[in-house]
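In this text the structure is predicted, and so the values were computed from the model without any measurement. All ligand and atom numbering here is 1-based and tracks the order in the structure.
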Amino acid sequence: MPTLQEVLQAKIPAYREEVRSLVQEHGDKVLSQVTVQQAYGGMRGVRCLVCDTSVVEPDKGLIVRGYPLLELKHLWPEEMFFLLLTGELPDEEGKVALQRELDRRSQVPPYVWDVMEKLPKDTCPMAMLTTAIMLLDRDSVFRKWYDKGMKRDDYWLAMLGDALTLVAKIPVLAAGIYRIRYNHGNPMHWTHGLDLGANFANMLGVADPAGNFAKLMRLYLTLHVDHEGGNVSANTTGVVGSALSDAYYAVSAGLNGLAGPLHGLANQECVRWILDLMEKFGGVPTEEHLREFAFDTLRSGRVIPGYGHAVLRVVDPRYTGLHEFGEKHQPDDPIFQTVDRVFKVVPKVLSDFSDERVKAGKNPIANHWPNVDAISGSLVYHFGITEYEYYTVLFAVSRVLGLLSQLILSRAISLPITRPKSMSTAHIRKTVEKM
Ligand code: NMX
Ligand code: MLT
């Protein structure tokens, strides 16, 4: 089978032509409109971005290149990367070739570890990760080729070079940051010949005699890999990349968005919430205690982490995929049992609370179901990685693959610099009053 680069090389001309003819023939047709509510409401539902790696259907969840996510849960993260980029699944030979490419690129330069070691001990793990990514920018192929006058048609190729390096190094960086930040020893090396998920599990240094932690890491990385183009991290990465900033700048910017509590940081907030709940009630809480705790959270003006979503209106299939793993491998773990009980109680609490909000003249809560962050941390905790302030880094290791896929494709079709128009409140008032 041809390599990832060869598959892309063969497909990109037709992809460019498809986009060119679409814009030429239908450029003035309307896809979406913007209301005042949307301008002030996080652009929710405004259809104005292009993303060909995946789509989130409100009533189905993530669809990757036409496949519903749960049909892909057996795939390994490197296969997902191939699929996101090309729309094709690699055969065994294609997968192994990609793995060997990652082997070649996996070494992290010593100066990065020197900086990580010197950071204050209480630095946030996500700040360490995005700093480490920025330090790698020194070797950006895109930047070097650009400085030498690279042709626009080659931008995607230079981006692919940086992307492969980042895909190979991100698990090494993330695992090393875990070990440095929490005094678990020196960073460990990538093992040549091992897949990405197992390598990551191994480098975290978790004892895994039955291989179940490696299985969890493969599943985790596969399920978190992409979530179309509008989420904060993907959108930010796209905007920064559109200025022709290289992959290191663009991805680290996106991950800084993932580090927010309403986005990827919710996975660690969720474990904290579950542990507080269990501490308060001395173990797995009763449904009544849980209801009381959830209402206390809401009435104190906080969100219930892991519940709700800007697009989804059903249980997140990523939650379902991880839940199946928990049921099989850790059904007796009290944290997993608490997560399960939260699922029984919280949707109704959110629904009741939403009714109260509406009566008080506020917005309803649009989605009462769990998203991926409601469960991911509890599965990791079981394997002894209990430092939950680290968990957003796990999400980041996976999401980098999706962010990079989107960046490469944006350069392939030469999306221009992103520059929408803003309006002042006075202008909006004047405009609507004339309508
Ligand atoms: N707990 C309490 N209030 C909520 C929740 C929740 N879980 N979800 C939504 N709301 C509130 C929301 O804050 C908003 O309040 P206000 O109008 O006062 O600002 C109101 O309900 C309407 O919000 P929605 O339209 O339902 O949701 P929106 O699209 O604005 O936000 C989230 C989506 C995901 C930011 C929101 O559901 C949330 O904060 N959830 C908890 C945090 C979380 O799990 N984030 C992870 C998302 C997934 N990820 O991995 O990134
Ligand atoms: C994601 O995975 O990016 C989140 O579910 C957030 C989103 O899609 O808005």
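Using a 4.0 Å cut-off between heavy atoms, Phe353 makes no contact with ligand 1 at all. Contacts of Arg318 with ligand 2, taken as heavy-atom pairs under 4.0 Å, involve the side chain alone. With a 4.0 Å cut-off on non-hydrogen atoms, Leu298 touches ligand 1 through its side chain and not its backbone. Contacts between His309 and ligand 2, counted as non-hydrogen atom pairs separated by less than 4.0 Å, involve the side chain only. If you look at Val303 next to ligand 1, the close heavy atoms, those under 4.0 Å, come from the backbone and the side chain alike. Here Arg44 has side-chain heavy atoms under 4.0 Å from ligand 1, and that is the only part of it that gets that close. The part of Pro364 lying near ligand 1 is the backbone, judged by heavy-atom distances below 4.0 Å. Of all the heavy atoms of Glu228, none lies under 4.0 Å from any atom of ligand 2, so neither backbone nor side chain is involved.
Of the listed options Val372, Ile304, Ile365, Ile365 places a heavy atom closest to atom 4 (C) of ligand 1. Nearest residue to atom 51 (O) of ligand 1 from His263, Lys362, Arg318, His227 is His263 (criterion: closest heavy atom). Residue nearest to atom 8 (O) of ligand 2, selected from Arg399, His227, His263, His224: His227 (by heavy-atom distance). Looking at Leu262, Val311, Val346, Thr392 and measuring to atom 47 (C) of ligand 1, the nearest heavy atom belongs to Leu262. Summarising the contacts of atom 43 (C) of ligand 1 with Ala294, Ala266, Gly264, the nearest heavy atom is found in Ala266.
The number of heavy-atom neighbours closer than 6.0 Å to CZ of Arg47, taken from other residues, nucleotides and ligands shown, is 12 or below. Counting heavy-atom neighbours within 6.0 Å of Trp190 CH2, excluding the residue itself, gives a total above 12. Within a 6.0 Å sphere centred on CZ of Arg299, other residues, nucleotides and ligands contribute more than 12 heavy atoms. In the displayed structure, Glu433 atom CD is contacted under 6.0 Å by more than 12 heavy atoms of other residues, nucleotides or ligands.
Among all non-hydrogen protein atoms, the one lying nearest atom 26 (O) of ligand 1 is Ala366 N, 2.8 Å. In terms of protein heavy-atom proximity, atom 16 (P) of ligand 1 is closest to Arg357 NH2, 3.3 Å. In terms of protein heavy-atom proximity, atom 27 (O) of ligand 1 is nearest to His309 O, 4.4 Å. Among all non-hydrogen protein atoms, the one lying nearest atom 7 (N) of ligand 1 is Tyr307 O, 2.8 Å. Looking only at heavy atoms of the protein, atom 49 (N) of ligand 1 is closest to Asp373 OD2, 3.2 Å. Of the protein's non-hydrogen atoms, Gly306 N, 2.8 Å is the one closest to atom 44 (O) of ligand 1. Ranking the protein heavy atoms by distance from atom 9 (O) of ligand 2 puts Asn231 CB, 3.5 Å first.
Under 3.5 Å, the side chains of His263 and Asp373 contain no donor-acceptor pair of N or O atoms. Between the side chains of Asp52 and Tyr15, at least one donor N or O lies within less than 3.5 Å of an accepting N or O. In summary, the side chains of Ser140 and Tyr249 do not present any donor paired with an acceptor at a separation below 3.5 Å, with no hydrogens or angles considered.
Ion pairing between Asp139 and Lys169 fails under the 4.0 Å rule for side-chain N and carboxylate O. Look at Lys280 and Asp276 and you find no salt bridge, because none of the NZ, NE, NH1 or NH2 atoms lies under 4.0 Å from a carboxylate O. Salt-bridge annotation for Glu387 and Arg181: absent, with no side-chain N of the basic residue lying under 4.0 Å from a carboxylate O of the acidic one. We find that Lys359 and Glu356 are not joined by a salt bridge, their nearest charged nitrogen and carboxylate oxygen being 4.0 Å or further apart.
If you number the atoms of ligand 1 from 1 as listed, the ones under 4.0 Å from a heavy atom of Phe395 come out as 50 (O). Close approach of ligand 1 to Ala310 (heavy-atom distance below 4.0 Å) involves ligand atoms 29 (O), 33 (C). Of all the atoms in ligand 1, the ones that sit under 4.0 Å from a non-hydrogen atom of Asn363 are 17 (O). For ligand 2 and Phe395, the ligand atoms under 4.0 Å from any heavy atom of the residue are 2 (O).
Close N/O approach between Arg302 and ligand 1 is not found [any backbone or side-chain N/O within under 3.5 Å].
By the 30° and 60° cut-offs, the orientation of the rings of Phe395 relative to His224 is perpendicular.
Each of Leu290, Leu298, Thr297 was evaluated against Val349; a single residue qualifies, Leu298, per the side-chain contact (heavy atoms from CB on, under 4.5 Å) test. The ring-ring contact (aromatic ring centres under 6.0 Å, His included) test with Trp273 singles out one residue from Tyr388, Phe293, Tyr307, and that residue is Phe293.
Nearest heavy atoms, Ala174 versus Phe200: CB-CE1, 3.8 Å.
Closer than 4.0 Å to atom 22 (C) of ligand 1 lies at least one heavy atom of the protein. Counting only heavy atoms, the protein gets under 4.0 Å from atom 33 (C) of ligand 1. Protein non-hydrogen atoms do reach within 4.0 Å of atom 39 (O) of ligand 1.
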Apply side chain to side chain donor-acceptor pair (under 3.5 Å) to Ser424 and His427, showing your working.
-> CA-CA 5 Å; Ser424 67; His427 174 87; 5.5 Å; no
